[in-house]
Visitor: 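Sharing a structure, written as structure tokens. Questions coming.
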Amino acid sequence: MEFPQLEYLRRRRCDSAVNTEQKKLTQTPLLKIWVPWMGCSLNRRRGSSVPQFCNSPTMIVMVGLPARGKTYISKKLTRYLNWIGVPTKMFNVGQYRREAVKIYKNFEFFKPDNEEAMKIRKACATAALKDVAAYFSKEQGQVAVFDATNTTRERRAIILSYAKERGYKVFFVESICDDPEIIAENIKQVKFGSPDYVDRDIDEALEDFSRRIECYRASYMPMDDEEDRKLSYIKIFDVGSRYLVNRVQDHIQSRIVYYLMNIHVTPRSIYLSRHGESELNLLGRIGGDSGLSPRGQKYANALATFIRGQNIRELKVWTSHMKRTIQTAEALGVQYEQWKALNEIDAGVCEELTYEEIQENFPEEFALRDQDKYRYRYPKGESYEDLVHRLEPVIMELERQENVLVVCHQAIFRCLLAYFLDKPADELPYLRCPLHTVLKLTPVAYGCKVESFFLNIEAVNTHRERPVNVDINRNPEEALLTVPEHV
Amino acid sequence: LASPTKLTQNPLKKIWMPYKNGLPETHISQRKVCMTNCPTLIVTVGLPARGKTYISKKLTRYLNWIGVPTREFNVGQYRRECVKIYKSFEFFRPDNEEGLKIRRQCASAALNDVRQYLTEDGGQVAVFDATNTTRERRDTIIQFAEQNGFKVTVILGGHACQVKLGSPDYTNCNTEEAAEDFMKRIKCYENSYEPLDEVLDRDLSFIKIMDVGQRYLVNRVLDHIQSRIVYYLMNIHITPRSIYLCRHGESELNVNGRIGGDSGLTPRGKEFGKKLSQFLQTQGISDLKVWTSQMKRTIQTAESLSVPYEQWKVLNEIDAGVCEEMMYEEIQDHFPLEFALRDQDKYRYRYPKGESYEDLVQRLEPVIMELERQENVLVICHQAVMRCLLAYFLDKTAEELPYLKCPLHTVLKLTPVAYGCKVESISLNVDAVNTHRERPENVDVTRMSEEALLTVPAHQ
């Protein structure tokens with residue numbers, strides 16, 4: 001993937017002599033990574049901003065009867081891995097089946113003696129596997145989540161051999177649950193909304209789905225302690241009350257296991273808010289560690305009222321180490337925890353400058369940032385990519401917790417929101433996170449319900465859109481076109 | 001209309017706290033690793049020689065390093081203090097009434113000490129290391145925990161390794177005798193061993209380690225600290241390997257007595273790179289991974305090795321904030337108060353707009369976790385970072401950590417052995433400035449400049 005700044009560097013330095021005895025290092029202008037400079041081209045082999053832990057592509061293969069949470073886990077895991085920077089894609093075989101068989105009639109399709117259907121289902125699995133291979137070889141994917149029941153040893157053997165031929169690692173995730181209440185709840189949450197049941201009444205749908213599950217049950221062979229001893233897998237029992245982990249092969253599998261062991265399905269809500277308007281916000285200055293403006297304090301009080309009105313059970317409140325989030329939390333009159341990891345993005349040499357000052361003093365930097373705001377690292381500072389890395393423990397703990405209010409900063413908010421709403425890296429740095437607005441996120445079905453509450457206290461706008469001209473040679477006016485107003 | 005709460009910034013750690021009546025309030029909780037409210041009791045279970053003590057010691061070391069006060073209580077130790085001289089396996093026979101009485105007393109004494117540690121001495125986790133193979137013994141412990149409001153997590157099994165023969169019990173025996181006696185000892189336990197039951201122990205929080213760490217059964221792991229413990233246990237292994245730690249070669253700023261920054265290597269620093277490459281070749285290491293920070297000086301050093309390396313931003317040197325690129329003399333000149341505070345508590349002291357050693361440990365935790373997963377690794381880093389990593393491997397306290405000696409141009413080779421780590425220090429014989437500043441005698445904020453600068457190493 002060619003970064004625009006490489007072209008820039010080539011133009012600037014192609015004529016300088018290269019000392020071959022000592023490979024000079026040069027710092028890539030966007031990521032601020034030191035790489036050896038060899039003639040006119042940058043050696044990109046080592047220039048990555050986070051350690052690369054994936055060598056061979058990995059297939060995560062779900063296993064389990066219907067309504068055991070496989071798709072829920074698949075989607076969540078895919079979202080998490082993409083957020084931490086591991087290109088991941090989900091392949092839901094049920095989707096392929098729906099495309100092949102336009103109209104779902106009833107559970108009879110899934111009867112083990114329905115030969116016609118068996119052929120179709122096998123073809124769908126094969127098509128999905130082919131797409132997995134294409135994802136790995138042509139789209140630089142690193143992890144593929146193969147979401148299907150995969151309940152027979154035979155089917156799993158086919159997948160294993162497919163993977164082996166191509167040098168993919170395989171990690172199975174089996175979900176086992178016999179609690180009728182949990183299963184009924186699953187069915188209610190996701191199955192009734194499924195395209196398969198869109199025109200049925202609820203009792204009919206439930207009846208049909210139960211019979212569908214029975215079709216699988218007879219031939220279901222769970223992963224076996226003895227026979228599958230050499231395979232890598234995790235078995236999840238009863239939505240996480242027990243786990244069996246076997247032969248974790250590498251870093252990414254270890255991270256996946258840790259993640260799966262920390263997520264839960266207990267209903268709860270996460271509230272995200274920025275600090276109240278700060279003194280530096282008013283002046284259009286970025287970063288720093290200033291206190292709240294009078295309007296910011298008003299917001300803090302309004303936030304306290306709002307939170308009380310929400311009647312939240314056992315709310316945890318988290319802030320950063322910066323004055324403005326702490327002052328905001330203080331108005332709530334409850335215990336709060338300070339996390340250094342929630343501190344705003346470090347703008348390095350640009351700390352406390354206005355955008356106009358950045359344009360004046362560092363026009364190249366300003367342009368590079370507009371070219372790739374996600375990966376751009378401030379000189380002696382951080383990038384959004386760095387932020388995601390340092391926020392990972394926060395996300396992990398948010399997954400473990402129940403009701404939480406996080407009082408943080410604009411860039412931090414964007415990163416956290418991108419995780420919950422599955423926004424890609426190029427959208428993340430432009431997510432709108434205005435001051436004095438609380439977002440309430442409530443997990444529902446496969447995603448997250450978002451409710452936005454503006455607490456009616458005016459504040460400056462701190463959102464700068466990407467300008468049309470991101471070229472290094474642009475005029476200052478073009479660069480400053482989208483700067484929001486300030487004092 | 002209330003105005004924003006007045007906040008004051010604690011001068012040492014630079015933490016903002018509310019300020020009422022001229023005094024900082026102390027109710028603010030700062031993010032600490034252990035987010036559990038009640039103390040945790042970890043109980044090992046397993047026949048002798050299953051690796052329980054290995055796990056207990058390693059886990060204790062890890063938890064202390066990440067800032068969770070933890071102590072292990074090895075019942076065998078209590079037994080050795082009680083019964084001065086170990087005669088033979090007969091002590092452990094299930095029909096040895098006298099032996100049983102002593103062993104019960106030792107377990108009680110240990111539990112008493114656990115209670116003291118967790119309720120009065122500020123401990124957060126206690127690791128109760130014993131066989132605990134009978135249901136009766138385990139029930140006693142669980143009851144004890146319930147009465148005192150401790151959470152319990154059981155660790156079953158471990159990573160078996162060869163340490164028994166070095167035990168104090170067998171110092172006067174030859175290897176064969178020791179092995180024979182030990183086998184008979186295990187037999188004594190085997191007959192009364194009651195493993196955890198799927199039904200009866202369904203609500204117990206435990207992790208069962210099987211197949212030398214290849215397979216884990218995790219039951220009801222509920223809170224943050226338990227989850228971290230399980231993650232750690234699943235990442236450690238006992239495959240023999242070595243970890244090499246060294247700093248970058250001498251840098252331009254080093255020579256000028258300046259801290260931090262992002263300068264390149266001096267000619268001597270480059271020489272070190274070459275010598276490092278030669279040294280590694282003599283070591284004949286299979287499949288060595290090389291990690292650096294994202295600072296020029298470590299990368300330049302790695303480049304001399306002509307092998308692939310990974311850059312980790314979290315391996316960057318401690319951020320000295322406003323003091324970046326200053327000499328100690330300049331820091332004393334511009335920030336004498338800060339300079340004194342740092343000498344008072346170097347571990348917790350945070351540079352203005354910078355970091356503390358305590359912050360460093362927090363950001364290095366993923367490095368430690370990955371080092372545990374890996375086998376042969378060379379980490380080319382920086383003075384403060386190397387001190388933190390070294391403190392983890394050598395179980396150094398927070399007080400000792402910031403003063404560990406990590407000179408330039410010296411490689412430390414760490415090889416796990418028995419319950420600890422063997423350290424070999426290899427100087428590659430390339431001269432370099434000394435960058436180690438000892439704690440001066442006078443750390444008072446009112447001290448004279450000369451007293452503050454007494455221990456500054458020589459520089460240009």
Side-chain angles (χ1 to χ4, degrees), chain A residues 22-23 25 27 32-36 45-53 229 241-248 250-251 254 257-258 261-262 276 289 291-294 296-298 300-301 318 321-323 326-328 330-331 335-341 351 380 386 389-390 392-393 397 400, chain B residues 1-7 9 14-18 27-32 35 202 210-211 214-221 223-224 227 230-231 234-235 262 264 270 291 294-296 298-300 302-303 308-314 319 324 353 355 359 362-363 365-366 369-370 373-374:
Chain A
Q22 290 140 2
K23 281 179 245 161
L25 288 186
Q27 202 177 39
K32 309 295 187 295
I33 303 281
W34 288 104
V35 289
R45 155 165 88 103
R46 300 155 196 142
S48 74
S49 127
V50 281
Q52 304 298 294
F53 286 119
R229 192 176 56 239
S241 73
R242 198 150 53 99
Y243 304 91
L244 180 63
V245 180
N246 197 58
R247 287 191 188 253
V248 163
D250 61 14
H251 175 94
S254 159
V257 165
Y258 186 44
M261 284 176 35
N262 281 315
D289 194 11
L292 298 180
S293 69
Q297 178 59 34
K298 269 203 180 135
N301 298 332
W318 298 351
H321 274 193
M322 296 178 140
K323 202 169 173 184
I326 296 166
Q327 280 181 321
T328 308
E330 274 290 316
Q335 279 253 337
Y336 56 88
E337 274 176 55
Q338 299 185 17
W339 288 70
K340 190 169 194 280
E351 276 285 317
K380 301 195 177 176
D386 293 328
H389 204 227
R390 80 160 145 93
E392 206 261 346
E397 192 57 21
R400 295 192 49 77
Chain B
L1 176 81
S3 53
T5 312
K6 265 189 148 23
L7 294 182
Q9 201 178 39
K14 311 297 186 291
I15 303 283
W16 287 107
M17 301 180 302
H27 77 274
I28 294 313
S29 67
Q30 198 213 223
R31 175 74 194 168
K32 284 210 169 0
M35 277 300 118
R202 190 179 45 233
M210 302 166 275
D211 282 355
Q214 299 266 38
R215 197 177 163 75
Y216 299 86
L217 180 62
V218 179
N219 196 59
R220 296 207 178 268
V221 156
D223 70 10
H224 178 94
S227 162
V230 165
Y231 183 45
M234 283 175 36
N235 282 315
D262 195 12
K270 289 176 184 153
W291 298 349
Q294 284 188 349
M295 296 180 140
K296 196 171 176 184
T298 56
I299 295 166
Q300 269 184 313
E303 278 290 319
Y309 54 89
E310 293 278 1
Q311 296 186 18
W312 289 70
K313 187 171 196 277
V314 292
D319 183 357
E324 275 286 317
K353 303 195 176 175
E355 295 177 299
D359 294 328
Q362 176 110 304
R363 78 162 148 92
E365 204 262 347
M369 198 61 88
E370 192 56 22
R373 293 193 50 78
Q374 293 288 345

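Lettering follows sequence order; numbering is per chain, from 1. Since this is a predicted model, take the numbers as computed values, not measurements. Just so you know, these numbers use all the heavy atoms, side chains as well, and skip hydrogens, waters and symmetry mates.
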Visitor: Would you give the length of the straight line joining atom CD of A:E330 to atom CH2 of B:W16, rounded to the nearest 0.5 angstrom?
Guide: 12.5 Å
Visitor: Please confirm whether the backbone N or O of A:D250 pairs with a side-chain atom of B:R373, one donor and one acceptor, at under 3.5 Å?
Guide: yes
Visitor: CG/A:L292 to CG/B:L7 distance, rounded to the nearest 0.5 angstrom?
Guide: 8.5 Å
Visitor: Given a strict heavy-atom distance threshold of 4.5 Å, which part of A:N262 is in contact with chain B: side chain, backbone, both, or neither?
Guide: side chain
Visitor: Could you measure the distance from the NZ atom of A:K32 to the CD atom of B:Q294? Nearest 0.5 Å is fine.
Guide: 12.0 Å
Visitor: For B:M295 and A:W34, work out which heavy atoms get closest and say how close.
Guide: C-CD1, 3.9 Å
Visitor: As an exercise: rank B:K14, B:M234, B:R202 by heavy-atom pairs under 4.5 Å with chain A and give me the winner.
Guide: B:M234
Visitor: Look at B:V221, B:D319, B:D359, B:V230 and state which one has the largest set of heavy-atom pairs under 4.5 Å with chain A.
Guide: B:D359
Visitor: Taking side chain as C-beta onward, heavy atoms only, is B:Q214 less than 4.5 Å from A:R229?
Guide: no
Visitor: Once you round to the nearest 0.5 Å, how far does CG of A:L25 lie from CD of B:E303?
Guide: 6.0 Å
Visitor: How close do A:S254 and B:N235 get, heavy atom to heavy atom, and via which atoms?
Guide: OG-OD1, 2.8 Å
Visitor: Of the listed residues (A:R242, A:M322, A:E392), which shares the most heavy-atom pairs with chain B below a 4.5 Å separation?
Guide: A:R242
Visitor: Between CZ of A:R247 and CG of B:D211, what distance do you get to the nearest 0.5 Å?
Guide: 6.5 Å
Visitor: With a 4.5 angstrom heavy-atom cut-off, is it the side chain or the backbone of B:R220 that approaches chain A, or both, or neither?
Guide: both
Visitor: Does A:K323 offer a backbone N or O that forms a donor-acceptor pair with the side chain of B:Q9 under 3.5 Å?
Guide: no
Visitor: Nearest 0.5 Å, what's the NE2-CE distance between A:H251 and B:M369?
Guide: 10.5 Å
